[in-house]
Amino acid sequence: MASPADRATTRVSNFIREIVSEDVAKGAFGGQVVTRFPPEPNGYLHLGHAYAARVSYEVAREFGGRFHLRFDDTNPLTEEQRYVESQIAALEWMGIDWGDNLFFASDYFPKLHAYAVQLIEQGQAYVCQLNQDVMRQQRGTATTPGIPSPYRDRSPEENLELFERMKNGDIAPGEAVLRAKIDMAAANLVMRDPVMYRILHVPHYRQGNDWCIYPIYDWAHCLEDSIEGVTHSLCSLEFENNRALYDWYLDQLGVHHPRQIEFSRLNVSHMVTSKRRLIQLVQEKRVDGWDDPRMPTVLGFRRRGVPAEAMCDFLSLISVSKAPTAVDISLLEYCVRQRLNSTANRVMAVLRPLKVIIDNYPEGQVEWFEADNNPESPEQGVRKVAFSRELYIEEEDFRIDPPPKYFRLSPGVEIRLKHAYLVTCESYVLDEATGRVLEVHCRYDPESRGGAAPDGRKVKGTSHWVSAAHCVDATVRLYDRLFAVEDPEDGDFIENLNSESRVDLGGCKLESYLAEVGTEVVQFLRQGYFAADRVDSKPGELVFNQVVSLKDSWAKIERRAR
RNA sequence: AGGGGCGUCGCCAAGCGGUAAGGCAACGGGCUUUGGACCCGUCAUUCGCAGGUUCGAAUCCUGCCGCCCCUGCCA
């Protein structure tokens, strides 16, 4: 059985595939392909991470290679076991399969230490005791070269001894670091004697108190890749400058040397994925938490009811490049509708109920109509829907004075009640005080059983409905884009929030079938896709989330009329 | 400013010297017991700009313009 990630739409070509395929063709790395996804367990995975994971996963899969999941846990200050677990769950949900290849960078600490000793012995690393501010100053600027550290020319012996003391906890945090001896005048700032190790007297969530020194990204990452035999190390564009250092460390050590390839991060319109911003949304309670259905986290998509397949389709469709991208969120919505259209059962749910009385329908009579669950796939079967004299229809499906092209119910007009009968509006009752329509009275055509026009007359409108005596109550949460503007970072990001990103509707009337559907996604006919909220919905207190609306061309007509 | 990158339709993106794929969006139309889905059609004489090479350039060369990344003991 293929997983969501495996079943997703495959895309055309991209520059990474081309590079890898050339490498394979010319026998580089023995013709092998090994990629990896290296998240830091310091937060929840979001769409951007999901994209990065898929890019590497797909390359491995396509070339019959290996894919590794490696937690890049080199900073004990921010990392926690619970994030490891949540990230694993997110990737599993997506259907990404790393087999037995689950690794932790912190397990390589002893090896990394040995390599550092080697570099010191080669005279290419030294212990620097400049304080942080001075070191920063002496690094120079983009236009001026840096100043060599006074500790730069210590002997390997002295460096080895000091490094040992750092490791043993004999030197206080901030008092010394291990630096690579490269070039303080390099045009690439990354190469100006970068730090390899800093002292941190902090326990590591996985290694406990074993270490007092922790490796810096550049030093650790290339070696993690090398140790695992990675061939193509795919990462985001901001590491382009770091590639020089990635290559330098590996060259000096003379070890297996993967090829780093950078690609553009994913940005989506009306969405924000910077960790800082997401934390702010949660902390200021602009959303309900990390799994709020409006959040771009994997947790959020999952709770919203987005199928993993749809998310994977989207991530595949956008391809990979080095150009700064901002994909329109409508493509994601399209992928979600696309997947759900073929799989979701159709049901009737009235969100804003308006009472309808069929005056010529016998009181107390109940008919059970057979309704197809999905006209697109008959194999999804049928269900029974109760019809009686008192019904509810959608408030917006009735207008006293219908505007042009309004194909719904209005005085004297006949419409079809889906699966049931053709009905004609004969009168309506107004609330004296508010002027609101209280109830609508109709006459039904007994000959139109099942909704067919007996004489072939054209009935343009079809409404969904629910029998008042047979429906169940529920709260329905309508969700929309979290941000009202395309680029939330343009201007005040908080002010760009969409005030109507969540609208709660109480007293909705659902077909009774919905009382027991579980969390599968269903289509509320003519409205959209919905699923019971896995946290808040309980028997007798149903809560449904909108996954995505159906396309609504009437809304467009109305908008244009205004 | 120095270094590293990027610029093809509103958005994403193929294209690799032979005369601009595709998807989303949009717009027309058909069909419809969901104003959904589906189907059909329209949508870049032009590839950031300006020169040059060539029979021929989005693709090669030169210059310019615009945007992004880099001066953590974060990743």
Side-chain angles (χ1 to χ4, degrees), chain A residues 9 11-14 18 38-40 42 72 74-75 77-78 128 130-132 135-137 139-146 173-179 186-192 194-200 213-214 216-218 220-221 235-244 262 264 269 314 317-335 337-338 341-342 346 348 371-372 374-376 405-408 415-420 422 448 450-453 459-464 486 523-528 549-557:
Chain A
T9 321
R11 71 183 123 66
V12 280
S13 80
N14 70 56
E18 238 166 75
E40 183 183 14
N42 68 349
D72 200 5
T74 57
N75 184 354
L77 263 14
T78 59
C128 180
L130 248 28
N131 78 42
Q132 211 170 145
M135 202 198 285
R136 186 176 303 129
Q137 268 172 30
R139 187 152 26 232
T141 68
T143 43
T144 62
E175 299 284 296
V177 293
L178 184 70
R179 286 228 257 175
N188 182 354
L189 278 351
V190 166
M191 300 299 276
R192 317 249 259 227
V195 172
M196 294 163 60
Y197 274 101
R198 77 279 211 185
I199 299 169
L200 251 28
I213 54 172
Y214 291 91
I216 293 298
Y217 172 84
D218 293 293
H221 205 89
C235 62
S236 52
L237 243 35
E238 73 242 50
F239 292 106
E240 280 177 320
N241 293 320
N242 302 58
R243 188 177 62 237
E262 309 85 10
S264 203
S269 75
F314 170 72
L317 277 173
I318 54 189
S319 192
V320 182
S321 75
K322 297 185 81 156
T325 60
V327 183
D328 199 298
I329 198 169
S330 64
L331 183 61
L332 208 207
E333 294 168 347
Y334 165 80
C335 291
R337 290 190 186 106
Q338 190 72 23
N341 179 50
S342 55
R346 272 63 170 165
M348 296 197 282
D372 48 4
N374 188 342
E376 314 262 318
K405 293 195 179 161
Y406 184 84
F407 306 137
R408 306 179 186 184
I415 62 160
R416 172 171 24 247
L417 293 179
K418 178 81 176 172
H419 303 304
L422 299 182
S448 65
V459 178
K460 190 79 176 143
T462 299
S463 278
H464 57 279
E486 238 176 68
Q523 183 192 100
F524 286 4
L525 224 56
R526 302 208 297 136
Q527 306 190 100
S549 68
L550 241 34
K551 281 219 265 186
D552 185 354
S553 50
W554 167 244
K556 201 188 293 171
I557 293 169

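Labels below follow one simple rule: chain letters A, B, ... track the order of the sequence lines, proteins then strands, and each chain is numbered from 1.
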I'd like the [atom1] distance from [M] over to [N], given in whole Å.
{"N": "B:G28", "M": "B:C68", "atom1": "P", "value": "37 Å"}
{"N": "B:A75", "M": "B:C16", "atom1": "C1'", "value": "35 Å"}
{"N": "B:G10", "M": "B:C6", "atom1": "P", "value": "23 Å"}
{"N": "B:C43", "M": "B:A20", "atom1": "P", "value": "14 Å"}
{"N": "B:G52", "M": "B:G15", "atom1": "C1'", "value": "23 Å"}
{"N": "B:G22", "M": "B:C55", "atom1": "C1'", "value": "31 Å"}
{"N": "B:A57", "M": "B:A14", "atom1": "P", "value": "24 Å"}
{"N": "B:C47", "M": "B:G7", "atom1": "C1'", "value": "10 Å"}

So, taking the atom named [atom1] in [X] and the one named [atom2] in [Y], what distance separates them when rounded to the nearest 0.5 Å?
{"X": "A:Leu317", "Y": "A:Tyr334", "atom1": "CG", "atom2": "OH", "answer": "7.5 Å"}
{"X": "A:Phe407", "Y": "A:Arg416", "atom1": "CZ", "atom2": "CZ", "answer": "13.5 Å"}
{"X": "A:Asn42", "Y": "A:Asn75", "atom1": "CG", "atom2": "CG", "answer": "8.0 Å"}
{"X": "A:Arg192", "Y": "A:Arg139", "atom1": "CZ", "atom2": "CZ", "answer": "9.0 Å"}
{"X": "A:Leu525", "Y": "A:Leu550", "atom1": "CG", "atom2": "CG", "answer": "8.5 Å"}
{"X": "A:Arg198", "Y": "A:Leu178", "atom1": "CZ", "atom2": "CG", "answer": "12.5 Å"}

Strand partner of [N], provided both Watson-Crick or wobble distances fall under 3.5 Å:
{"N": "B:A57", "result": "none"}
{"N": "B:G17", "result": "none"}
{"N": "B:G41", "result": "B:C27"}
{"N": "B:C6", "result": "B:G66"}

What one should report as the nearest heavy-atom pair of A:His464 and A:Gln527 is NE2-NE2, 3.6 Å
For the student: nearest non-hydrogen atoms of A:Val177 and A:Met135, plus distance: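 For A:Val177 versus A:Met135, the nearest heavy atoms are CG2-CE, 3.5 Å.
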Starting at the 5' end of RNA chain B and moving along, which residue's nearest nucleotide shows up first, A:Gly451 or A:Glu486? A:Glu486
Between A:Ala323 and A:Val459, whichever has its closest RNA chain B nucleotide further toward 5' is A:Ala323
Length of the line joining [X]:[atom1] and [N]:[atom2], which is rounded to integer Å:
{"X": "A:Glu262", "N": "B:G5", "atom1": "CD", "atom2": "P", "result": "8 Å"}
{"X": "A:Glu40", "N": "B:A75", "atom1": "CD", "atom2": "P", "result": "6 Å"}
{"X": "A:Leu317", "N": "B:G23", "atom1": "CG", "atom2": "P", "result": "11 Å"}

Have a look at [X] and say if it touches a base, only the backbone sugar-phosphate, or nothing, with a 4.0 Å heavy-atom cut-off.
{"X": "A:Ala186", "value": "nothing"}
{"X": "A:Thr78", "value": "nothing"}
{"X": "A:Ser463", "value": "nothing"}
{"X": "A:Lys322", "value": "sugar-phosphate"}
{"X": "A:His419", "value": "base"}
{"X": "A:Asn42", "value": "nothing"}
{"X": "A:Thr143", "value": "base"}

For the side chain of A:Asn14, starting at C-beta, report the closest nucleotide among B:A75, B:G4, B:A14.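 So the nucleotide nearest the side chain must be B:A14.
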Look only at the side chain of [X] and the backbone of [Y], and say whether a donor-acceptor pair between them is shorter than 3.5 Å.
{"X": "A:Arg346", "Y": "A:Arg526", "result": "no"}
{"X": "A:Ser269", "Y": "A:Ile329", "result": "yes"}
{"X": "A:Asn188", "Y": "A:Asn241", "result": "yes"}

Each nucleotide of nucleotides 68-73 of chain B classed B (base within 4.0 Å of a protein heavy atom), S (only sugar-phosphate) or -, in 5' to 3' order, makes -BBBSB
Base, backbone or nothing for each nucleotide of nucleotides 35-41 of chain B, written B, S, -, heavy atoms under 4.0 angstrom, 5' to 3'? BBBS---
Measuring to OP1 and OP2 of B:A13, would you say a side-chain N or O of A:Ser321 lies under 4.0 angstrom away? yes
Chi class for B:G17: syn within 90° of 0, otherwise anti: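 Anti, angle beyond 90° from zero.
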